[in-house]
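Some notes on the structure that comes next.
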There are 2 protein chains.
Amino acid sequence: MDRTSPEPLALERFLPYRLNVLASTVSNALARIYAERFGITIPQWRIVATLGQFETRTARDIAAHAVMHKSTVSRAVAALAERGIVERRPNAQDMREELLALTDEGRAIYEAVAPEALAFERAVVSGLTEGERETFFRLIDTLDARMRSLVPDLDVADAAANASEASR
Amino acid sequence: MDRTSPEPLALERFLPYRLNVLASTVSNALARIYAERFGITIPQWRIVATLGQFETRTARDIAAHAVMHKSTVSRAVAALAERGIVERRPNAQDMREELLALTDEGRAIYEAVAPEALAFERAVVSGLTEGERETFFRLIDTLDARMRSLVPDLDVADAAANASEASR
DNA sequence: AGAAATCAGTTGCTGGTGCAACCATTACCC
DNA sequence: GGGTAATGGTTGCACCAGCAACTGATTTCT
């Protein structure tokens, strides 16, 4: 091997970079749909999606399930409650937490957004065969698990949502 | 319940979500290295990497190559120039643009960071076989191309870098 | 029981980011 | 040639996210 340059590093072959670009491209495109059609942000969508899936959860559950910082969840829930999309009910067994659920209006939004989100996903992966799609997910799972063991203090803090808000 | 959900949408099987979580996990871990060891942010790192690869480029070139918003590039370059990591030289042929290059100190940083970045990448993909690694990159390439045709007005604006800065 | 630690959730603050408006320079073209 | 459009780059503004500090509720420990 040639030893002139210590190591070749081409950004376009650097995994963290490629992953980040693809993820934000996909997110931004999807965020546009959420924002323009339904007036919700990505964190808000994640909450709606979680509650659509599980009926009733606490903010803490949602933060863990949707991998968001608790302050992000808090503010997104506040906005959704304000708009009557999410309902907060006290838990008599533990007054620290609140039980969150979709209102009827919230469920209507969920049922309108979910098909569009899935359609978007299908459009994105339409260039892949079924096998490739499964492989891709499996590799993501593997890498995700790898990250969790590489960086143990991750699930605690973390925070995904590169959002890219709606405005307007 | 009488409600029949039209389509199942589980967040953990939703590609945009999975992609985003993985990308930000990887980015955050890497950003920590950049920040703690070298005091640079992800946008700054992308600029250093680009200039390390191509010697001399304009801010516009870097923005295109590293997929960042021009204002992000502008500010990151300003910070790097301030610290003497990159050098700005006027282009006599076109006074609008500036030619950017690493200083000696900048190159030293590049040559220190690059191996660490690559080591990190190797650690992340160490759970994959060589073939899986190639497949993963190929699928990312495919999806990336797919996104570009799905959302044409993308390369113009876009902006990756969910950064997650150093601070502290 | 009472003090201290822990936990769910909220909020002030700071910093980074995209957008859009702007400045200066160059290209276009009638 | 001269006016207008386009281009490279900077910056003010508004917004959002994470951190950390805080409140109030519950658990733990002695």
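Just the heavy atoms: all of them, side chains too, but no hydrogens, waters or symmetry mates, feed the values below. Each chain gets a letter, A, B and so on, in the order its sequence line appears, and its residues count up from 1. Just so we're clear, the structure is a prediction, and the values are computed from it rather than from any experiment.
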- Task: Whole angstrom is fine here: how far is it from CD1 in B:Ile42 over to P in D:dA17?
- Result: 17 Å

- Item | Spacing of A:Ile47 atom CD1 relative to C:dG9 atom P, expressed in whole Å | 11 Å

- Hey, which sits more toward the 5' end of DNA chain D by its nearest nucleotide, A:Asn91 or A:Ser71? A:Ser71

- Lys/Arg cation over aromatic B:Phe54: B:Arg57, 6.0 Å, 45° cone: yes

- Query: Starting at CG of A:Leu100 and ending at P of C:dA8, how long is that distance when rounded to a whole Å?
  - Reply: 13 Å

- Does A:Arg75 or A:Asp94 map to a spot on DNA chain C nearer the 5' end, using the closest nucleotide for each? A:Asp94

- Item | A:Met147 side chain near B:Val26 side chain, heavy-atom distance below 4.5 Å | yes

- Reference residue A:Asn91; test side-chain hydrogen bond (donor to acceptor under 3.5 Å, both in side chains); the match among A:Glu98, A:Glu97, A:Arg96: A:Glu97

- Task: Look at the aromatic rings of A:Phe136 and B:Phe136 and report parallel, tilted or perpendicular, splitting at 30° and 60°.
- Result: parallel

- Message: Checking contacts here: which listed nucleotide (C:dG18, D:dT11, D:dG24) is nearest the side-chain heavy atoms of A:Arg96?
- Response: D:dG24

- How close or far is atom P of D:dG9 from atom CG of B:Leu80, stated in whole angstroms? 15 Å

- side-chain N/O B:Thr72 vs C:dG18 OP1/OP2, d < 4.0 Å: yes

- In whole angstroms, how far is the C1' atom of C:dG9 from the NE2 atom of A:His69? 12 Å

- Query: What integer distance in Å separates A:Arg60:CZ from C:dT6:C1'?
  - Reply: 12 Å

- Mind calculating the distance between CD (B:Glu98) and C1' (D:dG9) to the nearest angstrom? 8 Å

- Item | Integer-rounded Å distance: D:dA17 P and A:Met68 CE | 10 Å

